[in-house]
Structures are given as C-alpha cells and as structure tokens.
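Input: a single structure, listed below in structure tokens.
These numbers were taken from a predicted model, which means no experiment stands behind them.
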Amino acid sequence: MSVGDSSWKTLEMESLQTRFSAWTPFSNKSLNRQLFQERVALISHWFDLWTNKQRQEFLFTILLRCTKSQLRCVQDWFSERTQVARVDFSTVLPRFISLYIFSFLNPKDLCAAAQVSWPWKFLTEQDCLWMPKCIKFGWFLPYTPTDNEYGAWKRHYIACVSNLDWLTPREAAAIYGTLNEPKAEDEELQERQREKCLRKIIWEKIALHKKELFKVRPPWVTGTCCSRLLKSKYQPHLSQTVRDRVGLHEALEKQLVLASIEALPKQSNVSGSHPYPLLSKKKIWHGVSQNDDSSSYASQLHVIIISSRIPAYEMVVDSVKAGVISVVCEHGGMTLESLLYLMGKALQGRKAQSIGILSDGDSREINLLQGYKIGIKNLLRPEVRDFWEKLGSFVATKEEGGHVDLFVPLGASEAGIEVLSQLSQLTGTFFTAPTGIATGSYQHILSDWLGPQQGGPPPSIYFNEAKLQMWSNLTDFLEDALKSVRRELRPLFKELQKGISGRMIGQFMFDSMSMASILNNQDIAQALADGLMELSKENSERNIIEDNSQDTESSLNKSDLDFEVLLKLERKLQRNSADKRTSAARELLQSERKYVQMLEIVRDVYVRPLRAALASNRAILSAANIQIIFSDILQILSLNRQFLDNLRDRLQEWSSAHCVGEIFIKFGGQLNTYTNFFNNYPVVLKTIEKCREMTPAFRAFLKRHDKTTVTKMLSLPELLLFPSRRFDEYVNLLYALRLHTAAEHVDRGDLTTAIGQIKKYKGYIDQMKENIRMKEQLSDIQRIIWGCPTLFEINRYLIRVQDVVQLHCCDEEISFSLRLYEQIRDLSFFLFNDALLVSSRGISHTPFERTSKTTYQFIASVALHRLLIEDIPDSKYVKNAFILQGPKCEWICATEVEDDKFLWLSVLQNAIKSSMDK
C-alpha cells in the first residue's frame, strides 16, 4: 500500500470521530446537521404521541436544563408572538421612573391612585413623594422612620391637614381683615408709632445682650456660638502653645465651660412662661390672659407636690382628689429651678389657694431633692431662699387664706418650728406642718397640724383620706411589691408623663388589693374608735366638773379676779406641756416594747430551734453558720432588753420632774454592738442565701417558719431590717421629748446630748445605705450598657438619665434659623456627678409579644469639667435642640418635648458647676 492511500484512510477515520454520541461526527458538519435534524424529527414524533401530562413533564425537564440566556430567548419569543393589550406601566418601567411620574400628582390624586392596586398603593405612599409636600408647609416628622417603615410622611401630612382651621374668604376677612381695607389716619399713625417702639426695644435688647456676652466670653471668642470657640484659623498654633502649659490650659478650659453655661438661656419668668427665647405669640398671650383672672381661680385651685423619694409614691398620686393638681418631681435628677418650672407650667399663670409638699424628711429638715436637705442651716442660701420666695408667689396671700402645707413633721421639734417661722417671714405666706410624731412610716401626716385649718385638715384638702390612710399603714410592704410592678409596667408607660404613669400604677395596686373589703374593715374600726372617743369625753367632762368645783372654792378666797385668770392660764399651759411630755415618753416605751418583741421573735422562732436541732445531733445548720447569722442580733436584743427595763422602771413612777436623757446617754455609749451588726449585715444575708441553696433542711426550715402569724407575716431577712429603722424613731421621739421639756428642766441638757449621739450614729447608718444603693445602681448601669468601662469609683453616683435623638446638620455655614437637620440615631445620656456617659439606644422586639427591650451601646465618656454646652434656638426646622461638645467630638441632640430639654440643661449646668467647685 502506498503512502497516499494510508494518509487518505487516516483522514477518513479522523472525520468519522464523534462527540457526545457514537452517531454524531465531530468534524463533519453536514453529516452532523443531518443527524441532528433526524433526531429532532424523531423527538417531535414522540412528543406528538405523548399525553398532555407527559408533554408538561418533558417541557419542565427541558427548561430546567436551560441556561439563563436560553430562558431569555424563550421569553423574547413569547413576547414577540403574544401581544398584551393593556400593561401597568409601574410593572414595566423601573421604579424610579414610576416614582417620578407619580411626583407630578397632587396629594388628593395620590390618595386616589393608592386605591387602584396594591403596587400603586406601595409606590404612592413612598416617603420621597410625601416628604417634599410636608416640608413645603413646614411640617416636619418628629422621628426618623425605620428602614422597613413606609407611609410615615403620608400619615403625617394627613394628620397636619386634619388639624388645620379652614375658613371661607368671608370668615377670614371678618377675623383677620383684608389688605385693601382702608385705614383711618389715626390708626396708621398709631401703628407706625407701635412699630417704632418695638424696633427700639428690640435694638436695645440686642445691644444689651452683646454687652453681656462681651463681659462673659474670653477675649478670642466671637460671642455667638460657644461650641465653636476654638474653630478659628489660629487654632493649631494656639492649642500647641497651650498644650505646652498644662496649668494654663486647664484654666482656659474651665473658663470656656463656665462661659458656655452662662450663655445658655435662663428661666426669665417663674409665673409659668416659656424659659427659652423665640416664644410664639400664642403662648405669650395665653399666659397673660390667665394672669389677669388669676384671683378668680385662687379659691378653687390646690396643688400637691409629690416626691418620688417617698415609698409607693404611685399610690399617693392615685389618692389625689379630682380637681387637685398633682406634680410628681424626681428626687434625683432635678434642681430647684426645674421644680419651679414644673410648678409654673402646672399653674399656667394662676395663683393657688394652697400648695402641699409631700416629700421625705424628719422633724428638723425637708429632703426635697437630691442634694437639697433644707433645714435651718441652709435656709438662707441664695438658691434655696430664691426657691421659697418664688414658691410663695404662686400662693394666695394670708388675707385671702393662702397657705403652704409641708407633709413633714416639722411641728414636732424646735428646729422644725423655727424653719416654719423663717419660711413664713421670708415669703409672707403661712406655712403649716404636722405636730405629731409616730413611729410608723408617715403616720404623722394623719396627726394634728399647726395653726387653724379653715378648709379642714390638709390631708383632706388634697387626698382621698381612705386611700391615704391605707397607704400610710402599709407603706413598707407596698414599696417592696411596687419594685417588681414598676419593672414590668414602666416600659409600657415610658412615653407617658411621670404623674400619669404613677396614677395608673397606683390604681392598678389599689384594684389588686381589694379596696372595698379594706374600706369595710376600716368602717368597723372607725365605729369602735368613735365609741371609745365618746367614753373618753364623758370621763374628761367629769374631771372638768370636779376641777371647776375646786377652782370655784379657791376663787372665793381670791380678791383679784385678773390674777386668778392668769394663774389658771399658766397652770393649763404647764399641764398641757407636761401631758405632751408624758405621752411622748409613753410612746417611747411602747415603741421600744414592740421593737424588743420583734427581736425576740428572731430568738424564739429561729435561734432556739436551730440550736436545739444542733444539740440533738440532727443539725440543720452548723454552729459556725448559726454564730455568723444570729450572734450580732442576739447581742442587740440583750442591749435593748436592758434599755427597755430601764425605761419601764423610770416610767412606773413618772412625773414631770423625772428624766430619760441619762438613760439614752448610757444607751448611746454601747452602740458598738450595732456597729458590729451593720458591718456584718451583708455577710449575714449572703450566708442565709448560701445555706438556703446548699442545705435542703434549712430551706425546709425557713419554708415552715417564714411569713407566719408568729413572725407577723415577715421573713427572716425582713426581721433583720428592724435595727436599721429603729434609729429614725429614736431621733424623732427624742426631739418630741425635748420640744415639750422646759428650758430650765434638768433633763433638757441630757436630751440634747442624747440627740447628738443618736443623730450621729443615724448618719453613719444612712451613709452605709447610700453607699450600697449607689454601688448597686452603678452595677446595674454597667450591666445594661454593652462595652461600658468600669464605673465603680469613690463618691460617684447617678444624677439623671436622659433619652435624646442625635441630629446631623446638612449645612453649617448658614444661620441657625435656616439649618436643616436629619436624625441619625437615638442616644441616652447617663449623667453622674463627675462625668457624662454617652451611649446609643436601640429597641429589640420579641416575636409574638407586645413588649420591647431597650439595649445600650457605649460610645464615649466625658468629664464634666471638659464639657461645653450650646443652645440651639427653636426654628421651624428643629425644636428642643442643643449641642454638647467634648474634647474629641460633639453631639447635636434634641429632646422630644421642651420640658425635658429645660430640665436636662438645668441639671447638667448644676452638675458642671458642682464638679468645678470641688
């Protein structure tokens, strides 16, 4: 075979090579095309013979094997051969073109288009269509919509339009007049003179404001924006020079902070007007009109200030009578100026017939706000004196029957009576307070009050007495129950005002406690009390008749009738003072007996059974644990048993000449027993909890003995609280004894010494309580803020927490009144006495539940002495805004309501000044 034949056969074999099939040649295109057509015809023949279901399965299988380009080819084929008569342009055109088309419609047509179909409803409710229509009229959304929320601007537009006052041209002309209406020459002249006077006043105020700014600001400051003080072109050179001199830098920084505080707007009118400039005319005229007829309201208006410091204050708020204005003030996070602002806003320019203040305190001072314990020592401080003077201006005069009622037992001590007299002289208003001392919590408000009560006792003026009496009897227990109630209900009432949420929680508690049955029991008790009062009156009348007969016999021997009257009066006063001193001494004995009985319950119910079980080889607790838990309380019981015996012996043969001060002095010298108890008190509680968890027998023992009738329905930890509460009662009772002890009495000096001893030790206990409370508060804050640094420092405490929104200015070059702001995120400020902690705030929702959870993320912490504040005046683009600037960053923020802004800036200014004074 030749070489040519072999090569031809090789080419023929290569041409017959196939791909994917033995019948499809790889390189012979004509043969490949022929085989492909034959197979298509064969598959088409099979397709014709299949059923409809088989054809569908075949098509489904083929389409699954197709690529995107092949599927697109099928789609184009169908679109060319299947013509659509009517097409919704919003489904064909891109979304931005559809929105552009809808933007030409007016609001009425947009609402009509939203009813066509769901796609049109979705497009016509987009914020990009409705936001320009709202901004055109100055209607700004008060919050930032979330990413998945749409339709917020449309709802805002509809809400704003529905609140407009629509007037016909005739009605508008009748109210506002017309531009073409001719005026008389006198009217035009008066209008020009009025405009000229207004311009002159405005220019004078502007010039005066510039002079004040020039006096306050440092030499390099422009005088308008305190947060922009260091933004000049010479800033790098200046900062580098100051950085080399640390002392000078600190002094300049302190001067800057003080200048920023002084530049903030102050409360110009305490009668209820707005504390910031740029007030609307509507608000100004509203306040003036109410001031004009304030006298007509004075006889009907009563105001009660309720401090959140008192336990279960929500139930007190719910006890307020209808028609009485209640103002709830936060004990922490408020200043005296803030409280005056709330009072002015509640009164709205009117004068009250009476103002009541229900707050924490004792017989010497009023614990009105955090850092403001008002007593005789600090009553004449400028800010305290200014507060009482302005508060007195809210009340009607003495001639009109106006008075201020302090629900603090100031009438039970000499120092308290001096405080009341000083307040009356300072304000020209009559001040009254309870005269009774009761060892129970807040029982003094139901006792006698100083001075005449024209409209009845003060509690009946402001409160429903049945609810108030129930609260005063169960104060301690209600506070423990309300802690868990507040934790559950406060997130739901977060947006409401303090007074409204407190009233709702109080009503919830009253409903849960079955108020009807309690009132029925009180009616029975009241009937018994009335019967006993009648019996006592009969006995007293008999005694009076006998005394009168004796007096008439002695009067026959007197020749001077005037001398006899004076002698009777003096004898009566001495007898009254001696009777009150005796009642105070007997109250001391009775309360001490009850206190010792509670301590004996601990010994009889807990200690003796545990020691008996230990002696019988069936130990519930070890001897060491029994010693740790009960050794200190047993020593206190021994000390107070001896003290009770001494009091009982002294009062068995009691007379006005006997003394109890020396017994207290002896008792005060042995208070180291209480010191051991209070120092070990946290260890005792932890030991009880640990033994309860580790020892099942002790857990069963506590279950049998806790909260039974023998223990007065109290548990072991609750019984251990009595020593800490007893010293408040000691101080009050000693002040009552000294009040009714004559100045020349032998016991007066000993009582004064005993008061000093007990009061000093009470201060030690209060300091321990406050340290534990602040430590727990800081621990809670550090736990809820993610990424928060360590907050535990000596003498650090929380003042106020404020929720704000952070804003971003689109253009800072234009003036304040024209700047546009957008909301970035939610922030929470935690103000401490030495620093400001800034954190972001988020809300997380649980599926299928209504409640939400607030989360916090740490952002920054700024020392107060390095914080600059600047106020942003209200405009039609932004409300309630301000700027906080730290060394490295600044925050433009806004509160939800103007009250929050004023209270926050007031507290922040006060905290900055206090930190710089240290």
Please step through side chain to side chain donor-acceptor pair (under 3.5 Å) for the pair Q642 and N646, ending with a clear verdict. CA-CA 6 Å; Q642 182 181 358; N646 294 334; 5.5 Å; no
Apply salt bridge (Lys or Arg N to Asp or Glu O under 4.0 Å) to R650 and E662, showing your working. CA-CA 11 Å; R650 184 61 55 90; E662 57 183 11; 2.9 Å; yes
From CA spacing to verdict: salt bridge (Lys or Arg N to Asp or Glu O under 4.0 Å), E600, R641: CA-CA 10 Å; E600 287 177 346; R641 285 284 306 178; 2.8 Å; yes
Could you walk me through whether E770 and R773 pass salt bridge (Lys or Arg N to Asp or Glu O under 4.0 Å), step by step? CA-CA 5 Å; E770 189 67 18; R773 187 190 66 83; 2.5 Å; yes
Passes side chain to side chain contact (heavy atoms under 4.5 Å, CB included), L420 versus L406? Steps please. CA-CA 9 Å; L420 293 175; L406 303 178; 3.7 Å; yes
In sequence, state the C-alpha distance, the side-chain angles, and the governing distance for E689 and K686, and then conclude on salt bridge (Lys or Arg N to Asp or Glu O under 4.0 Å). CA-CA 5 Å; E689 294 300 323; K686 291 181 180 179; over 6 Å; no
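Expressed to the nearest 0.5 Å, how far CG of L751 lies from CZ of F664 amounts to 8.5 Å. Between the CG atom in L778 and the CD atom in Q782 there is a gap of 8.0 Å [rounded to 0.5 Å]. Expressed to the nearest 0.5 Å, how far CD1 of I357 lies from CD1 of I304 amounts to 8.0 Å. Note that the CG atom of L720 and the OH atom of Y681 stand 6.0 Å from one another [nearest 0.5 Å]. Rounding to the nearest 0.5 angstrom, the gap separating the OG1 atom in T673 from the CD1 atom in I633 is 11.0 Å. Separation of atoms CG (D632) and OG1 (T675) is listed at 10.5 Å; rounding is to 0.5 Å.
Counting only distance, with no hydrogens or angles, the side chain of R748 and the backbone of T741 share a donor-acceptor pair below 3.5 Å. Looking at S591, its side chain does come within 3.5 Å of a backbone N or O of L588 through a donor-acceptor pair. Between the side chain of S779 and the main chain of K775, no donor-acceptor pair closer than 3.5 Å is present. A donor-acceptor pair under 3.5 Å is formed between the side chain of K321 and the backbone N or O of S460. At distances below 3.5 Å, at least one donor-acceptor pair connects side-chain atoms of D747 with backbone N or O atoms of V660.
Closest approach of L639 to Y674, counting heavy atoms only: CD2-CE1, 4.0 Å. Of all the heavy atoms in L737 and R581, the pair that sits closest is CD2-O, 3.7 Å. Of all heavy-atom pairs spanning R699 and E693, the tightest one is NH2-O, 3.1 Å. Taking both residues in full, the closest heavy atoms of N732 and R364 are given as OD1-NH1, 3.8 Å, listed atom of the first, atom of the second, then distance. Minimum heavy-atom separation, Q757 to G668: OE1-CA, 3.5 Å. The two atoms that bring A585 and L651 nearest to each other are O-CD2, 3.4 Å, heavy atoms only.
Taking the six-membered ring where the residue is Trp, the centroids of F463 and F407 are separated by under 6.0 Å. Aromatic ring centroids of Y764 and Y761 lie under 6.0 Å apart.
The aromatic rings of F667 and Y730 sit perpendicular to each other, their planes meeting at more than 60°, with 30° as the lower class boundary.
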Under 3.5 Å, sequence neighbours excluded: what are the donor-acceptor pairs made by side chains of residues 701-711?
{"residue": "H705", "atom": "ND1", "partner": "F701", "partner atom": "O", "Å": "2.8"}
{"residue": "D706", "atom": "OD1", "partner": "Y606", "partner atom": "OH", "Å": "2.6"}
{"residue": "D706", "atom": "OD1", "partner": "L716", "partner atom": "N", "Å": "3.2"}
{"residue": "T708", "atom": "OG1", "partner": "H705", "partner atom": "O", "Å": "3.3"}
{"residue": "T708", "atom": "OG1", "partner": "T711", "partner atom": "OG1", "Å": "3.4"}
{"residue": "T711", "atom": "OG1", "partner": "K707", "partner atom": "N", "Å": "3.4"}
{"residue": "T711", "atom": "OG1", "partner": "T708", "partner atom": "N", "Å": "3.0"}
{"residue": "T711", "atom": "OG1", "partner": "T708", "partner atom": "O", "Å": "3.1"}
{"residue": "T711", "atom": "OG1", "partner": "L714", "partner atom": "O", "Å": "3.0"}

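Side chains of I305 and S359 form no contact here, defined as non-hydrogen atoms less than 4.5 Å apart.
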